[in-house]
Amino acid sequence: MNELMRSMPSPTLPGLRLPPGPHAHRGWLFKWTNYLKGYQRRWFVLSSDGLLSYYRTQAEMAHTCRGTIPMATAHIEVGDTCHLVVTSGGRSYHLKSTSDAECQRWASALQQAKASGSQMMQHSDDSGDEGPPALDGRALTAGVLKTLASKLDDLSTCNELIGKHGAALQRSLSELEDPRGATDGTDRLKAVNERATLFRITSNAAINACRDFLDVAETHSRRWQRALQYEREQRHHLEETLEQLAKQHNSLERAWREKPHTGVERTPEGEASDENEEAEFFDAMEDTPAFITVTASNHTQHKRSTSNQSMMSGGRPNDWTHNENDSSGPNLMQQRRARRSRIPDKPNYSLNLWSIMKNCIGKELSKIPMPIPYGPNLMQQRRARRSRIPDKPNYSLNPWSIMKNCIGKELSKIPMPVNFNEPLSMLQRLTEDLEYSELLDRAARCDSTLEQMCLVAAFSVSSYSTTVHRTAKPFNPLLGETYELDRLDEYGYRSVSEQVSHHPPAAAHHVSSERGWTLWQDIAIDSKFRGKYISVMPLGCIHLEFHSSGHHYVWSKVTSTVHNIIVGKLWIDQSGDIEIVNTSTKDSCHLKFSPYSYFSRDAPRKVTGVVQDQEGSAHYILSGTWDDKMESAKIVDSSPGGGGSEGKQKTVYQTLPAKLLWKKYPLPDNAENMHFFSSLALTLNEPEDGVAPTDSRLRPDQQLMEAGLWDEANIQKQRLEERQRLERKKREAQASEALEDGQDIEGYHPQWFEKRTNEATGERTYVYRGGYWEAKERQDWTQCPEIF
């Protein structure tokens with residue numbers, strides 16, 4: 001019992017000091033931190049006295065220990081793919097090594113440390129982790145132990161007596177059953193009764209001794225549990241305090257390093273602090289990019305400033321490349337925040353009414369030019385767009401009600417309820433790609449094709465930022481359905497899209513901007529259900545042309561995956577590659593959307609890319625996430641690096657400090673109750689005067705769903721789908737009759753788009769034929785079909 005009490009956990013915190021004694025094993029392991037950062041590289045040290053400590057870097061061994069695990073009381077589990085799980089004190093540590101051999105070495109070392117620690121705890125009650133208990137506590141514990149030892153002696157005595165009397169009783173019973181002893185049966189029966197009585201008395205004594213022992217043990221066990229719980233809470237509090245102090249220490253160090261010092265040059269080592277933990281290691285297991293970036297020092301930037309000037313936009317400074325070689329200046333976000341605080345004073349011009357009246361003679365009132373003092377403010381001219389829609393109702397989805405309506409129907413005729421939808425059509429989702437159209441406005445002003453490529457790449461990534469919380473599917477547009485978005489006054493562009501095919505579903509989209517660019521796309525959707533998730537693969541290309549330079553860019557979209565279709569919370573991921581090509585100059589940009597992985601050390605939703613010229617030389621590195629921001633870093637030098645995973649050689653790029661290209665706008669207030677719509681998405685169903693009768697805004701089931709009337713929306717949705725099926729059967733019947741009569745079969749022709757052969761790709765795609773905005777100006781929609 002003494003050994004049992006000595007083996008109880010110590011109330012002190014071993015993580016507050018370095019492990020004493022020589023080190024039994026040490027090395028790098030990846031430790032799981034949280035869902036945001038994933039696995040992080042840590043330096044682990046296993047001491048000879050059975051303590052496993054870990055640090056952020058080897059240099060921290062001298063002053064800061066991030067945590068200590070006593071191996072004597074730990075449970076060690078070896079998992080698959082180089083994983084270890086160490087459980088101690090109710091907390092599990094998930095560790096990962098770079099190879100199976102390294103994992104086995106660590107497992108052997110930890111098991112040996114666990115065995116050694118257990119032996120030390122059994123033979124010593126004064127380990128390096130235990131402090132001397134209080135005198136009154138030790139005396140109380142000694143008294144309790146003495147009582148328990150006495151009870152144990154009583155139990156031992158009862159056990160011996162039970163064994164002795166039980167054996168005697170067994171012998172008496174055997175003799176009683178022997179037929180040869182029938183003459184003295186009465187004596188033998190008497191002996192059996194006596195021995196049975198002794199056995200019963202001894203058993204009762206043993207039961208009472210057990211009850212006394214349990215009473216004493218339970219009484220003091222509760223006190224010990226409370227004391228142990230108190231010590232654990234104290235330890236947890238100390239760990240939190242220590243972690244907070246470590247964070248404050250790192251913050252102070254960073255603030256000191258970032259503060260300019262007179263006559264002291266910041267070294268690259270000072271830049272590469274533990275602020276960016278990802279830069280401390282290379283991924284040896286996942287499919288990483290084939291390059292590594294290293295930020296250039298001030299000296300290198302100054303040495304290459306002459307060559308960098310040649311890459312600027314014709315030597316003319318602009319907002320994209322301004323102060324690029326000055327790493328000591330403020331970053332782009334700081335530049336953006338430094339807004340002007342005043343404008344020039346209003347001039348004291350007198351208004352000459354005679355000069356106005358002289359210009360009005362013989363003119364219509366609407367054509368009289370008004371001077372600026374009488375003209376309306378530009379912001380007053382702009383229409384105030386809506387900033388909210390009705391809250392999404394909290395309707396539960398009953399699968400049985402869906403299955404009940406499916407009995408006896410073909411799969412293509414099963415109506416899906418609007419519970420799975422959001423109150424926008426696929427045409428409107430395509431229009432949402434223009435959320436960050438200012439990126440293309442900036443790209444149109446760029447003289448450098450490589451800078452222009454960076455902005456086009458950022459625009460292609462920004463179109464996915466609105467999908468991070470949007471797991472509901474948009475409405476499938478009806479054949480001939482259109483959608484227009486006129487933002488000529490606010491952002492200088494007008495957009496029109498049309499559903500050009502129903503089987504397979506395909507949409508065409510055209511955007512023209514007064515700020516120097518035109519964008520068009522022909523996208524078909526292919527989806528596959530794979531059990532636990534659905535993959536949505538957009539087919540087709542996006543084209544972008546800048547008016548002044550004639551540069552023509554082409555790229556495609558990546559695969560969208562909706563997870564947890566059957567069980568769990570729905571979440572969406574984007575994965576795949578995008579190849580952006582400037583068909584005019586042959587410049588290219590390869591973007592990689594990394595799929596989310598539970599065991600990945602990369603940031604979730606990570607996007608990386610390289611911008612190359614027509615010779616294949618890299619000029620910019622792009623990095624960021626598709627749901628937050630994208631940055632670009634100009635390459636100043638490159639060199640071959642070490643081998644990566646699967647024997648691939650990585651190129652090390654030396655870059656200038658990264659520049660922010662794009663940053664996601666924050667969602668509106670109460671967005672979680674408005675389908676997580678962005679500011680642009682909230683305005684897409686806003687009523688507009690004079691739109692085509694086929695516009696998505698006028699679709700009744702979509703309007704009812706946005707208003708929260710989902711039952712009525714389901715009725716309208718079923719009516720529209722049935723009407724579309726009848727129209728399709730009618731066209732098929734007409735085609736069959738024409739075929740029987742030997743006439744040419746004319747398929748469906750969209751109203752505003754037509755198929756042409758693309759000169760850049762050689763593919764036949766739908767392009768805008770024109771006429772929509774002219775028809776809107778005349779309000780002549782006689783050629784539009786009645787689909788609603």
Side-chain angles (χ1 to χ4, degrees), residues 35-38 275-279 282-283 286-296 319-321 324 327 331-337 432-433 435-440 442-443 446 450-470 542 553 555-560 572-580 588-597 600-612 618-635 653-667 678:
Y35 286 100
L36 184 61
K37 293 186 177 180
E275 179 181 4
N276 184 5
E277 300 174 358
E278 309 291 339
F282 304 137
D283 194 343
E286 286 88 27
D287 184 15
T288 58
F291 57 86
I292 303 169
T293 59
V294 179
T295 305
D319 58 349
W320 203 92
T321 57
E324 184 170 3
S327 63
N331 57 31
L332 183 58
M333 291 302 295
Q334 291 172 334
Q335 292 176 6
R336 286 189 172 185
R337 284 194 294 267
E432 277 193 79
D433 290 355
E435 178 97 27
Y436 300 93
S437 62
E438 67 270 12
L439 291 171
L440 300 183
R442 291 165 55 193
C446 280
L450 297 174
E451 296 173 2
Q452 192 176 71
M453 175 66 80
C454 292
L455 290 167
V456 172
F459 174 78
S460 68
V461 175
S462 69
S463 61
Y464 299 97
S465 63
T466 61
T467 66
V468 61
H469 300 296
R470 307 261 294 275
I542 304 172
Y553 293 84
W555 71 92
S556 57
K557 289 179 173 287
V558 296
T559 300
S560 301
I572 194 167
D573 193 22
Q574 314 288 347
S575 61
D577 296 342
I578 292 181
E579 189 75 24
I580 306 176
S588 64
C589 174
H590 182 82
L591 293 173
K592 178 178 178 59
F593 287 64
S594 300
Y596 174 79
S597 174
S600 176
R601 299 187 300 275
D602 292 333
R605 310 178 185 96
K606 182 179 180 181
V607 180
T608 54
V610 181
V611 175
Q612 298 177 324
H619 291 269
Y620 286 93
I621 295 294
L622 305 181
S623 62
T625 57
W626 54 263
D627 67 325
D628 185 24
K629 65 179 180 180
M630 286 296 293
E631 296 177 334
S632 70
K634 191 170 185 178
I635 299 173
Y653 291 121
Q654 192 176 23
T655 65
L656 296 176
K659 301 282 186 180
L660 184 68
L661 293 175
W662 159 74
K663 177 73 175 175
K664 180 186 175 182
Y665 299 144
L667 289 175
S678 63

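Only heavy atoms go into these numbers, but all of them, side chains included; no hydrogens, no water, no symmetry mates. Treat the numbers as computed from the prediction; the structure is a model and nothing was measured.
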Write down the atom of [X], the atom of [Y], and the distance for their closest heavy-atom approach.
X	Y	result
L661	C454	CD1-O, 3.7 Å
A443	Q452	O-NE2, 2.8 Å
T625	P604	CG2-O, 3.5 Å
I578	W555	CG2-CB, 4.0 Å
I580	S460	CD1-OG, 3.6 Å
G609	L591	CA-CD2, 3.9 Å

Set of side-chain contact (heavy atoms from CB on, under 4.5 Å) partners for K664, sequence neighbours left out: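 K664 satisfies side-chain contact (heavy atoms from CB on, under 4.5 Å) with Y436, S465, V468, W662 once adjacent residues are dropped.
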Give a yes or no answer on whether the side chain of R605 reaches the backbone of D628 with a donor-acceptor pair at less than 3.5 Å.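 Side chain of R605 to backbone of D628, a donor-acceptor pair under 3.5 Å: no, none is there.
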Flag, side chain of E631 to backbone of S623, donor-acceptor distance under 3.5 Å: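 No, because the side chain of E631 does not come within donor-acceptor range (under 3.5 Å) of the backbone of S623.
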[atom2] on [Y] to [atom1] on [X], rounded to 0.5 Å:
X	Y	atom1	atom2	value
K634	Y653	NZ	OH	15.5 Å
E451	R442	CD	CZ	10.5 Å
I572	T467	CD1	OG1	5.0 Å
W626	S463	CH2	OG	10.5 Å
S462	E438	OG	CD	8.0 Å

Test side-chain hydrogen bond (donor to acceptor under 3.5 Å, both in side chains) applied to [X] - qualifying residues, sequence neighbours left out:
X	value
Y596	none
S678	E435
S560	Q574
R470	E422, E432

Please name all residues satisfying ring pair (Phe, Tyr, Trp, His ring centres under 6.0 Å) with Y464, sequence neighbours left out, ordered by chain then number.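 F593.
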Quick one: ring pair (Phe, Tyr, Trp, His ring centres under 6.0 Å) partners of Y553, sequence neighbours excluded?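 In terms of ring pair (Phe, Tyr, Trp, His ring centres under 6.0 Å), with neighbours along the sequence ignored, Y553 is linked to F546.
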Just to verify, what does [X] make a salt bridge (Lys or Arg N to Asp or Glu O under 4.0 Å) with, not counting sequence neighbours?
X	result
K557	D433
D577	none
D573	none

For K592 and T608: C-alpha separation, side-chain torsions, deciding distance, then whether side-chain contact (heavy atoms from CB on, under 4.5 Å) applies. CA-CA 5 Å; K592 178 178 178 59; T608 54; 4.0 Å; yes
Decide side-chain contact (heavy atoms from CB on, under 4.5 Å) for V607 and L622; before the verdict, give the C-alpha distance in whole Å, the side-chain angles of both, and the deciding distance to 0.1 Å. CA-CA 8 Å; V607 180; L622 305 181; over 6 Å; no
